[in-house]
Amino acid sequence: MKKLLSTAMALGLTTGAAVAQDEVTLQLQWVTQSQFAGYYVALENGYYDAENLDVTILPGGPDIAPPQVLAGGGADVMLNWMPSALAARERGLPVVNIAQPFVRSGLMLTCWGDVGIAEPADLAGHTVAHWFFGNEYPFLSWMSQLGIPTDGSEGGVTLLQAGFNVDPLLQRQADCISTMTYNEYWQIIDAGISPDELVTFKYEDYGVATLEDGIWALEENLSDPAFVDKMTRFVRASMQGWAWAAENPDDAAMIVLDYDETGAQTEEHQLRMMGEIALLVEGGDGSLDPEAYARTVATLLAGGSDPVISAEPEGAFTNAITEAALGN
Amino acid sequence: MSALVGQNGLSKWAFPAAGAGLIALASMAEPRLGVVLAVWLGAWALNILLSRYAEAAAIRLLVPVIFGLTLLAIWEVTVRLYEISPIILPAPSQIAQAFAANTDVLWADFKQTILKGALSGYLMGCGLAFLTALAVDRSNFLQRGLLPVGNFIAALPIVGTAPILVMWFGFGWQSKAAVVVAMVFFPMLVNTVSGLKSTGAMQRDLMHTYAASYGQSLIKLRLMNALPFIFNGLKICTTLALIGAIVAEFFGSPTVGMGFRIKIEVGRLAMDMVWAEITVAALAGSGFYGLMALIEKRLTFWHPSQRRH
């Protein structure tokens, strides 16, 4: 009887799949690259199909703010760095973290070795090129914790708003530049600079790392059981994709390349990126670690005169979906 | 006779009746739409009444002001009634608040982008184009050589030139001024060149019979005749200069400037601040253009286009 029932249910599921899959639109926070391998793998390997989901992945870009896409109804769920998502939350867009595939931060500050910077405190008086658009928060928090002004005043860091490339460092317009372990750092190396010539500070090593690449949805949607169910299946399939990507990094990178419609990514770069990304998701099952969350919030609150968020956020994350997704 | 009165009565009351009917209809379907319509049609009716029954200069000024205020009121009412998220579209009152609370930031951005970047680039670009136009006018060789080059520079997309110029001239206002120079050079050049050609053969012959030198005929005849063209170029370039200076900041800047602010505030979802910067840009652009138009009026009073009808 039980078997019959489950067969019937399975049948119902498959016919349901043929009739109408639940649609989910995911907004990435950057262009198609191995940073998002887990989602492309889940799409390619049919993990989303198996959960009866019809997932559309929207690539981002330099001028796309995922929270704005979410607010405008352009996507059901987004990937976002926690600083930017919590800032959006405080600005009146109630987004909630429903899963956190990345357990480590890949953010670094890379400096020339010959400009007299041996430790973060030496940054005072130097020029730092950084991306903005919501990505500057971890750096601003870090500097304010070190007591180094970033507003251009005497004895502080001179900040430059740079594009998403490493030219300002290569041209020596800046002494330091923000890099990701999986992307910009390798652009410097590819430009023919030896790692010995560089000094690199990882945010993880200085206790100022903030969580990156979480999965966020709108709070108002989470009161709808049907949406929660859809997200539970989405998170489960996505984490399946991440597990596969971490085990098969080379194949995952090739899947990402197939989905890169711009054709801008190279195989070598994506393979290397996938290797670095695997280190950031390693050991995570998708659930948000409360300690990492607390550290992120503390870092952001400690932003000195211009903190990223002014009050401890409440209800900014939920474990309900990951518990349901990983429980079965 | 009575039919005529009836017709008059109809035309007099047709508009308010139709308006009231429309508002009532909309309110039944969607009360909030009714309110928006009421604001719009009410202001419209007010303007019609004012323009029909009063002719004073003050009224002529009041009508467009009411029109502008109506647009703002509709915007405000719509945003509030439909509870549009401030991330999508903030209400004018929110923008005004952000403007008032951040005047120091806006002023610093204005100085950086408009006064340093746009204005210096405008002066350099237009000045250079003017001198080039004189040279082009003098020499047929240069005309055939330089005009295509000017055209070529104008055809370069700003998204391509800006990052390169930032790399060449650094992150400060100098690179923004360079972008502005590249943007304003060609329109100014073409306008000045055609202006210098605008004198007729008879006029030039007359100067010749006076034994006027090249310089004399240039200053007393040809430049005077070219002024309407030159001011055309100058006016077009005011807006181009603002666009160039603001957009160039997207590709690298210090942590001050209107383009920089717009970019980071979009990232922070502080759209009220973005709109405040847009307001500054719009005011600065209109003011700059208006100033040029005013100078033009003073200098080309003799031209038919400046005659008052």
Side-chain angles (χ1 to χ4, degrees), chain A residues 29 62-74 80-81 83-95 127-137 139-140 149-153 156-165 167-168 170-174 177 218 220 306 308-309, chain B residues 79 82-91 94 97-98 102 104-105 108-109 111-113 158-176 246-274:
Chain A
Q29 56 181 342
D63 296 314
I64 295 174
Q68 213 173 11
V69 177
L70 209 61
N80 211 218
W81 284 16
S84 132
L86 290 183
R89 194 179 162 83
E90 200 168 273
R91 294 269 177 199
L93 180 72
V95 287
T127 307
V128 174
H130 211 292
W131 330 290
F132 279 74
F133 217 65
N135 298 323
E136 71 278 27
Y137 295 136
F139 178 77
L140 296 180
T150 48
D151 55 2
S153 57
V157 161
T158 306
L159 254 185
L160 296 178
Q161 180 242 153
F164 289 89
N165 62 43
D167 286 336
L170 299 178
Q171 308 275 340
R172 287 196 177 259
Q173 288 169 327
I177 194 163
L218 284 178
E220 60 192 39
D306 188 19
V308 179
I309 49 175
Chain B
V79 166
Y82 286 88
E83 290 173 353
I84 294 171
S85 161
I87 290 158
I88 304 293
L89 182 67
Q94 288 168 310
Q97 271 171 14
N102 293 294
D104 51 337
V105 174
D109 291 346
K111 272 197 300 192
Q112 171 76 15
T113 304
I158 183 175
V159 288
T161 51
I164 295 170
L165 290 171
V166 166
M167 227 182 284
W168 289 356
F169 296 104
F171 281 72
W173 61 267
Q174 293 87 347
S175 56
K176 317 303 175 285
I246 292 174
V247 173
E249 286 182 0
F250 277 53
F251 300 94
S253 69
T255 53
V256 62
M258 297 170 69
F260 164 79
R261 195 77 52 200
I262 288 174
K263 190 177 176 186
I264 68 157
E265 297 296 353
V266 167
R268 290 174 178 176
L269 299 181
M271 301 313 286
D272 49 354
M273 194 58 189
V274 174

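Sequence lines set the chain letters: A, B, ... in the order given, protein chains first and strands last, and positions in each chain run from 1.
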Item to check | Separation between NE2 of His130(A) and OG1 of Thr255(B), rounded to the nearest 0.5 Å | outcome: 12.5 Å
Next on the checklist: Among Pro254(B), Ser85(B), Gly170(B), Ala270(B), which residue has the highest count of heavy-atom pairs closer than 4.5 Å to chain A?
Outcome noted: Ala270(B)
Next on the checklist: Rounded to the nearest 0.5 Å, what separates atom CZ in Phe260(B) from atom CG in Leu160(A)?
Outcome noted: 10.0 Å
Checklist entry - Which pair of heavy atoms, one from Gln161(A) and one from Phe171(B), lies closest together, and at what distance? => result O-CE2, 3.4 Å
Next on the checklist: As an exercise: rank Thr158(A), Leu93(A), Thr127(A), Thr150(A) by heavy-atom pairs under 4.5 Å with chain B and give me the winner.
Outcome noted: Leu93(A)
Item to check | Contact origin within Gln68(A) toward chain B - heavy atom pairs under 4.5 Å | outcome: both
Checklist entry - Relative to chain A, which segment of Val166(B) carries a heavy atom at a distance below 4.5 Å: side chain, backbone, both, or neither? => result backbone
Checklist entry - Where on Ile87(B) is there a heavy atom nearer than 4.5 Å to chain A: the side chain, the backbone, both, or neither? => result both
Checklist entry - Taking all atoms of both residues into account, what is the closest heavy-atom pair of Gln173(A) and Met167(B), and its distance? => result NE2-O, 3.1 Å
